[in-house]
Amino acid sequence: QVQLVESGGGLVQPGRSLRLPCVVSGSISSFYSMGWYRQAPGKQRELVAGITRGGRTNYADPVKGRFTISIDNAKNTVYLQMNSLKPEDTAVYYCHQNLLYWGQGTQVTVSS
């Protein structure tokens, strides 16, 4: 059974940065895709960023150039580096493995 635990969320001012780690229990090497989704109040869950086993990444248009997804295999951890945060980035952020296993989410609030 794979378990994912996100952390790193919080309240941050616009323009600031946050890094969200997602620690994966068990081996991370068996994945074929990992990524981050987010869900704002009253909205559907949406893709933020993804990464394949081969290292190919993709990003939603609203976060391109601001967010970066990366993997540290030694730490079994997937990161989402979020720079130049905007109020519209406010949401609960979830990480997944193979769109099958999901974490419990971490709240990110961008507000002055």
Worked verdict on W36 versus V78 for side chain to side chain contact (heavy atoms under 4.5 Å, CB included)
CA-CA 9 Å; W36 291 87; V78 181; 3.7 Å; yes
For V5 and Q104, what are the C-alpha separation, side-chain angles and deciding distance, and is it a side chain to side chain contact (heavy atoms under 4.5 Å, CB included)?
CA-CA 7 Å; V5 179; Q104 82 290 347; 4.3 Å; yes
Intermediate values then yes/no, side chain to side chain contact (heavy atoms under 4.5 Å, CB included), V92 and T106
CA-CA 5 Å; V92 178; T106 185; 6.0 Å; no
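Looking at T77, its side chain does come within 3.5 Å of a backbone N or O of K75 through a donor-acceptor pair. Using a distance-only test at 3.5 Å, with no hydrogens or angles considered, no donor-acceptor pair links the side chain of T109 to the main chain of T90. Side-chain atoms of N98 come within 3.5 Å of backbone N or O of S33 as a donor-acceptor pair. Put simply, the side chain of Q39 never gets that close to the backbone of A91: no donor and acceptor are under 3.5 Å apart. Counting only distance, with no hydrogens or angles, the side chain of T68 and the backbone of Q81 share no donor-acceptor pair below 3.5 Å. A distance-only check finds a donor-acceptor pair linking the side chain of D72 to the backbone of A74 [under 3.5 Å]. Side-chain atoms of E6 come within 3.5 Å of backbone N or O of G105 as a donor-acceptor pair. At distances below 3.5 Å, not a single donor-acceptor pair connects side-chain atoms of Y32 with backbone N or O atoms of G54.
The shortest distance between side-chain heavy atoms of K86 and P14 does not fall below 4.5 Å. Contact of the L11 side chain with the S111 side chain is registered, since non-hydrogen atoms from C-beta on lie closer than 4.5 Å. Side-chain contact between M82 and R66: absent, with no pair of heavy atoms (C-beta onward) separated by less than 4.5 Å. Side-chain atoms of N58 and L47, non-hydrogen and from C-beta on, do get closer than 4.5 Å to each other.
To the nearest 0.5 Å, atom CG of residue L80 and atom CE of residue M34 are 12.0 Å apart. Rounded to the nearest 0.5 Å, atoms CG (L85) and OG (S17) are 6.5 Å apart. Rounding to the nearest 0.5 Å places CZ of R19 at 7.5 Å from OG of S70. Taken to the nearest 0.5 Å, the CD atom of Q107 stands 12.0 Å off from the CZ atom of R38.
Judged by a 6.0 Å distance limit and a 45° cone about the ring axis, R45 is positioned over the six-membered ring of Y94.
Looking at every heavy atom in both residues, L4 comes nearest to Y101 through CD1-CB, 3.4 Å. Minimum interatomic distance between I69 and Y59 (heavy atoms only, all atoms of both residues): N-OH, 2.9 Å. In this structure, F67 and V48 approach most closely via the heavy-atom pair CD2-CG1, 3.6 Å.
In this structure, H96 and Y37 have perpendicular ring planes: the angle between them is above 60°, well past the 30° mark.
Heavy atoms of other residues, nucleotides or ligands lying less than 6.0 angstrom from CD of E88 number more than 12.
Linking ILVMFWY residues whenever their side-chain heavy atoms come closer than 4.5 Å, directly or via other members, leaves I51 and W102 in distinct clusters. Residues Y79 and V24 fall into different hydrophobic clusters, defined by Ile, Leu, Val, Met, Phe, Trp and Tyr side chains chained together at heavy-atom separations under 4.5 Å.
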